[in-house]
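Proteins get letters first, then strands, A, B, ... in listed order; numbering begins at 1 in each.
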Amino acid sequence: MASEVSAVRFSGYGVALFVGLFLFLPWVVGLSGINGQVPWLTAELWDYPGLSRVIGQSLTVGFTATTVSTVLASLIIYAEQRQPSRLWALTFTAPHLAFAVAFLWLFTPFGWIDRLLPGSWSWFEHQSLPTLTLLLISKETPFLVVLGRQQLRQLPFENWLLQARSLGASSWHSWWLVVLPAWLKSMRLLIIAVAVYSVGVVDIASVAGPMNPPLLGPLLVSWQQQFDATTVNLAAQGFWLLIALTMVMVAWVYVQEALVRKVCGRQLRRHRARQPRSRAQALLGVVGGLRWLLFIVSIASGLALFAMSFAEGWFYPALLPSEWSLQGGIAVVKDLAPQLLETLGVALLTATLVTLVLVWTREWQRAHSRELPDLVFIAALLIPQTALVLAWLHAGSVSYVISSETGAWWVTVYAHCWFSFAFAYLSYAPAERAETQDHLTVGRSLGFSYWRSWWYFKRPQLNGALMYAFLVSFLVSIAQYVPTLLLGQGYVSTLTTELVVLSSGAEWQAPAVAAMLLWLLALLAIIVLSNGIRRLHFSRDKKSS
Amino acid sequence: MNQASSNDTPILISSCVLRWQQGPFIRLPEISLEQGETLGVMGPSGCGKSTWLRWLLGVPQPYVTISGTITIAGKVMNSLPIEQRSIGLVMQEQALFPHYTVAENLAFALAQQKLSLREQKALIKEQLNTIGLANYENRKPHQLSGGERARIALLRAALAKPQLILLDEPFKGLDQARRRQVCEWTYAFLQSQGIAAIIVSHEQNDLIDAQQQLMWPQPQVDEEFV
């Protein structure tokens, strides 16, 4: 009995130490990198040609993408509060870069839509600010919708609506005046994550963003990659600039929230009992249109990638290629096989490790009755990835470890795990919190150890959530660009890093095949895991009946 | 569609039948309430009291079919949406909007009265004084005790000037000493405002001050179904 207790204690402390190290080590390393290693801003940086435009463009993309995505997500959540649509998930799960490559092929001049309706899309330049902003909005809106629904479920919004209506307000006014401010507050961290990603975006910006000058994120990465001490020093100084822009964006999220709160607070005194039917109908129509538009664009993007991968001699303005060649596409697939295997291997390892740490993290909190704020676990989303990776690169320990192939590989996997963990935590924690410890306690009262009891009694209740967390980590890992590029030091080459390299050339078949493989990998993971979740539900229903 | 069924009685709820899908049913007696009169409904948890209360408010009930007519001041309410029924609701849990101050919570109930901002502020101040919570305007619900929250929730419901207020387990979560205090205050307040109320609870002590009392009936099963 005594040995059982000490075993539990030992594993408790061991787990705490491991999880603590896993979560906090990157912060410690990052701070040690910044401390004395990252130079302060000098005239050299300020005098860089076009820097003010670089800053202006980054802020424009950040502000527009964040604000428009938030507005659209709130409209969609209102319109779908009774019947949430699953169609958003298709765009949400599509890898950013694969979606961008297909989107560009469809909508830019000389693209497929331009061939179908000549001249209609000439304002969508291949690499421009509006194209990048639109792409970000198309990707971030489904992200906020899918995770925003989870946040909404944690609010007693149905009771609030009921009470507001019993005080004489229409359901329209009740939603916008009572639910919206609370939902927006609950979404704060997620909206900050979107804002931070948008202002420091590198992956999509390298493919679809303006090039002369580029946005700050791609500029810092390109400086860091040049083997010239002056430009590497500029990249280090750019760290502070990116942090400053991030602060501006975070402040904007707070201002946005305060403005909504203020406007709603004023309108509270003027709500109406009559439902503005035409407005509500128009909104439902707009949301329905948007839903189908994005769904069709996603499907069309997938088809476009497929067509580009196996087309030969597809010259402007032909709607279809002059011939199809399976061999051509397969040859590119063979060339990309090492990257495909690397992507798959890193993503599977990442998803497995993240799921294990996730379970330990939640169980540690439950076992110690200590609910730590979400901020502790998702803080990685609130700092620009590029800035963090640059800080790590300035820490002596990291630059030493990544100088070898094995070291670079493990550091890259660790970075993937760390960034994926934040997203997986957001998807798993609400489901785990909703589950009581009753089954686990009953198991322990029957003599099972904590973890055996968890495995036999609690895990079956959470299988769906665990699989979803695994899927989220997998999807985040396959889309990682900056950590793989800068920490992998060329030793780690995934489909994502290869796709950016291939996209910079004039050739379109190879990037299309890389994007298609990336998308297929994501789809395969979704199909396998959704099937697993369905089977679990089916077998549970069968047992209970 | 609306018809005057009894202009003399302000609130009349015909004998309602709650029927669960192909299962048991409950038949309630006819209920009539005068202004300022309270009906206490007592019964164990999970027997359909809150379901019936929500049906009175106008919330569709997916698993229960409820038949009956609600008439307020001679007007049948059944086909009207919640916001047009002139029926208020008070719940103990999540009773106030937590992200708004006390004054904003109360202002929400005054929106239909077309008062100027100054008049609204003065009215809120005066009403808070009346219930012994002067200078509470800028507090948030989490800064209030359970009893204070209960009083403000009831005041908010009353400020909207409904004909009937439904109180669903309004004293839940309060300790015994405070519970009795808030309970007495609630009945006195409702009477002073002249608003009829239906109070649902599973504690008999909560309902001893109600003018009318209804013991929730036991479910019955159709003979042909048996």
**Report entry** Under 4.5 Å from a heavy atom of chain A, the part of B:L117 involved
**Finding:** side chain
Report summary line: So, the part of B:I87 with a heavy atom under 4.5 Å from chain A: the answer is backbone
Report task. Check whether B:R85 gets within reach of chain A through its side chain, its backbone, both or neither, counting any heavy atom under 4.5 Å. Result -> neither
Requested in this report: Using a strict cut-off of less than 4.0 Å between a Lys/Arg side-chain nitrogen and an Asp/Glu carboxylate oxygen, indicate whether A:R291 and A:E80 qualify as a salt bridge.
Outcome: yes
Query raised in the report: Taking the six-membered ring of B:F97 as reference, does the NZ or CZ atom of B:R156 fall below 6.0 Å from its centre and within a 45° cone about the axis?
Result: yes
Report task. Test A:E435 against A:K458 for salt bridge (Lys or Arg N to Asp or Glu O under 4.0 Å), laying out the working first. Result -> CA-CA 8 Å; A:E435 197 61 46; A:K458 189 173 173 184; over 6 Å; no
Query raised in the report: So B:R151 and B:F189, side chain to side chain contact (heavy atoms under 4.5 Å, CB included) or not? Walk me through it.
Result: CA-CA 9 Å; B:R151 277 192 275 172; B:F189 178 80; over 6 Å; no
Query - Part of B:E104 lying under 4.5 Å from any heavy atom of chain A - result: both
Query raised in the report: Just wondering, more than 12 heavy atoms not from A:R433 lying within 6.0 Å of its CZ?
Result: yes
Query raised in the report: Pick from B:P98, B:A160, B:A157: which one has the most heavy-atom pairs with chain A under 4.5 Å?
Result: B:P98
